[in-house]
Amino acid sequence: MTDLFTTLDAADAAAPLLARTTPRDRAAALVAVADRLELAADEIVALGTEETGLTEGRLRGELNRTTQQLRLFAEVVVEGAYLDARIDAADPDYAVGPRPDVRRVNVPVGPVLNYAASNFPLAFSVAGGDTAAALAAGNPVVVKAHDGHPRLSALVATIVTEALREAGMPHGSFAVIFDREDGVAALKDDRIRAAAFTGSTTVGRMLADVAAARPVPIPFYGELGSVNPVVVTPAALAAGADALAAAYVGSVSGSCGQLCTKPGFLLVPGVEPLTDALVTAAAEVPEHRLLTAGITAGYRERREAVLAAAGVSVLVEGEVRVGADGLGWATPTLVSMSLADLEKAGDTVLDESFGPLSVVVEYGTAAELPAAFERLFPGNLTATVHLAPTEDTAALEPLLDALARTSGRVLFGAWPTGVSVTAAMQHGGPYPATTHDATSVGTAAIGRFLRAVAYQGAPQSVLPPPLRDDNPWGVPQRRSPAGLSRQWGELTGRY
């Protein structure tokens, strides 16, 4: 525990120093981390393949995503719009009374605790998106490594630590802890000011409750669980059942179904047109290793529960082969049932199955789907709809509204697996998908680790650089000229 306290002390001491680093220095440090990771790519991928069972191609792609999102956040830091600098000049003639000089800017929250994910040992782990976003915002980061890939975590941690030190970042800007008890103790420590998590609903909710029960509660950004329903309209099914079936199986079985955006439910007007193509596509999927013994045990339990549920028909039984070490190898399991039977089964079937299992649900008419989504799929990372090219979208507005209310990302004619790291991406959703409906992917993710401070009547000499009139960092400043609001009031006749 002494080591944990030393780590947290260092992070706490680094916080004000890191917050004062210039955008270009911080951006250069992020790029330095990316460069060092790329130089060690062969070593990282070899160890990751051995420790996780993921393929070399998957891990090289994930490493590329990791380094590119570091570089993307470097660009965000230099550009500076994330600071949301607002300057309201003093105005004695302001429409609602004299206005003082008020200036507002986003500042770092302080040390951030990041719980690494099991299923993305690079992109959502030690140097992944949460770490990149928190460092970019100017916060020290303490990562709780996942016990599914400890050696890979240690290797990446060494690379990140050395790169940040050589880039001139303060001591304590980054650290990794491995013990589970330390992970909980750190969350309870008042030096930690925010936390991010990607993992199971059970563990995530437990940690969220710990964060909320602190004497001074902190934000806990947990990504917990999502079944990512996909709707196929009658016209879309008629236009291409075989292609839909093949793409669906590919999305379900990718990385052995161990993706937070895996489509857990496919809602179709009829199962029969898909059956043969589903069997054919699933037969071509080789067995793939599940990440850990714990995930293997959890998947076996969920699979058995779904197969035993009333109203379930087996389309593709698949299998799970378990070794002496508890690690499993699986092939896809696909089942079907009616929408009415799904409602009766409840959580027995509706709960997320973390592995290559998915449920094809037969519905009657599109009119029944909006209400069904509200009842059965209240919170997801994604929802998808497949339309025919000439479909009348006006008739589907109630369904599309329901998809938007119950998910963070609505896809059309695609599959939810594969999350692009872009400025507009939203990887979050209503609970239970996330504890706070904020994104953990894309440049908007930086906002989770910032808070706003306003300065009123402050001398130029004490203002943060983004709020000074000379704007030494060259960031965007939103200015409200004197008299503007009064003039608007006169124009509208409101005052």
Side-chain angles (χ1 to χ4, degrees), residues 201 205 223-237 244-245 247-248 251-252 257 259-271 274 302 306 309-312 334-354 357-388 391-417 419 425-439:
T201 300
R205 183 55 193 264
E223 181 189 320
L224 308 185
S226 183
V227 297
N228 309 296
V230 176
V231 176
V232 178
T233 66
L237 183 62
L244 280 167
Y248 167 60
S251 190
V252 169
L259 300 173
C260 50
T261 53
K262 182 204 75 180
F265 294 88
L266 180 71
L267 289 86
V268 295
V271 176
L274 295 166
R302 284 291 304 132
V306 171
V312 166
L334 304 175
V335 303
S336 66
M337 63 194 312
S338 69
L339 185 60
D341 284 335
L342 178 61
E343 294 222 40
K344 293 176 184 176
D347 292 344
T348 301
V349 177
L350 285 169
D351 282 351
E352 181 183 14
S353 298
F354 195 68
L357 183 151
S358 189
V359 182
V360 182
V361 180
E362 191 170 50
Y363 66 85
T365 66
E368 67 187 301
L369 291 178
F373 260 79
E374 301 283 1
R375 295 192 304 271
L376 304 178
F377 311 118
N380 282 282
L381 295 170
T382 74
T384 302
V385 60
H386 284 266
L387 310 172
E391 194 110 18
D392 178 12
T393 55
L396 295 171
E397 283 185 6
L399 172 61
L400 300 180
D401 287 345
L403 301 188
R405 283 195 301 272
T406 56
S407 69
R409 178 166 56 113
V410 181
L411 295 86
F412 293 83
W415 297 92
T417 44
V419 184
M425 180 53 64
Q426 173 67 19
H427 190 64
Y431 184 86
T434 53
T435 54
H436 287 272
D437 196 354
T439 186

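The shown structure was predicted, so the numbers you read here are calculated from the model rather than taken from an experiment.
- With hydrogens and angles left out, the side-chain atoms of Thr417 and Ser251 include a donor and acceptor closer than 3.5 Å.
- Listed for the Ser358 side chain is a donor-acceptor partner under 3.5 Å among the backbone atoms of Gly264.
- Interatomic distance, Leu342 CG to Arg375 CZ, rounded to the nearest 0.5 Å: 10.0 Å.
- Side chain of Asn380 to backbone of Val227: a donor-acceptor contact under 3.5 angstrom is found.
- Nearest heavy-atom pair across Pro370 and Ala367 is CD-O, 3.5 Å.
- Atom-to-atom distance recorded for Thr201:OG1 and Asp351:CG is 8.0 Å, nearest 0.5 angstrom.
- Checked by atom type and distance alone, the side chain of Arg409 never pairs as donor or acceptor with a backbone atom of His427 at under 3.5 Å.
- Every salt bridge (charged side-chain N to carboxylate O under 4.0 Å, His left out) that Arg205 has, sequence neighbours left out, goes to Asp209.
- Note that CD of Gln426 is 5.5 Å distant from CG of Asp437, once rounded to the nearest 0.5 Å.
- With a 4.5 Å cut-off on side-chain heavy atoms, Tyr248 and Val230 do not count as touching.
- Looking only at distances, a side-chain donor or acceptor of Asn228 sits under 3.5 Å from a matching main-chain atom of Cys260.
- Using a 4.5 Å heavy-atom cutoff, the side chains of Leu274 and Leu266 are in contact.
- Atoms CG and CG, on Leu376 and Leu267 in that order, are 8.5 Å from each other to the nearest 0.5 Å.
- Distance alone, capped at 3.5 Å, is enough to place a donor-acceptor pair between the Glu362 side chain and the Val271 backbone.
- Expressed to the nearest 0.5 Å, how far OG1 of Thr233 lies from CG of Leu399 amounts to 9.5 Å.
- Inter-residue side-chain proximity for Leu350 and Phe265 is flagged as met; some heavy-atom pair is nearer than 4.5 Å.
- Of all the heavy atoms in Val232 and Pro269, the pair that sits closest is O-CD, 3.3 Å.
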Applying side-chain contact (heavy atoms from CB on, under 4.5 Å) to Leu400 and Phe412, what does each step give before you reach the verdict? CA-CA 10 Å; Leu400 300 180; Phe412 293 83; 3.8 Å; yes
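- Closest non-hydrogen pair, Thr382 versus Thr261, comes out as CG2-CG2, 4.1 Å.
- Leu339 and Ala372 make their closest contact through CD2-CB, 4.1 Å (heavy atoms, listed as atom of the first residue, atom of the second, distance).
- The two atoms that bring Leu237 and Gly270 nearest to each other are CD2-O, 3.6 Å, heavy atoms only.
- Side-chain contact between Pro263 and Thr384 is absent, with no heavy atoms from C-beta onward closer than 4.5 Å.
- Taking each heavy atom of Ala235 and Ala388 in turn, the nearest pair found is CB-CB, 3.5 Å.
- One distance of note links CG of Leu357 with CD of Glu352; it measures 11.0 Å at 0.5 Å rounding.
- In this structure a side-chain-to-backbone donor-acceptor pair under 3.5 Å is present from His386 to Ala414.
- For Ser226 (side chain) and Leu381 (main-chain N/O), a donor-acceptor pair under 3.5 Å exists by modelled atom type.
- A donor-acceptor contact shorter than 3.5 Å is absent between the side chain of Glu374 and the backbone of Ala371.
- Residues Arg302 and Phe354 are not in side-chain contact: their nearest non-hydrogen atoms beyond the backbone lie 4.5 Å or more apart.
- Under a 3.5 Å cut-off, the side chain of Arg405 and the backbone N or O of Phe373 do not form any donor-acceptor pair.
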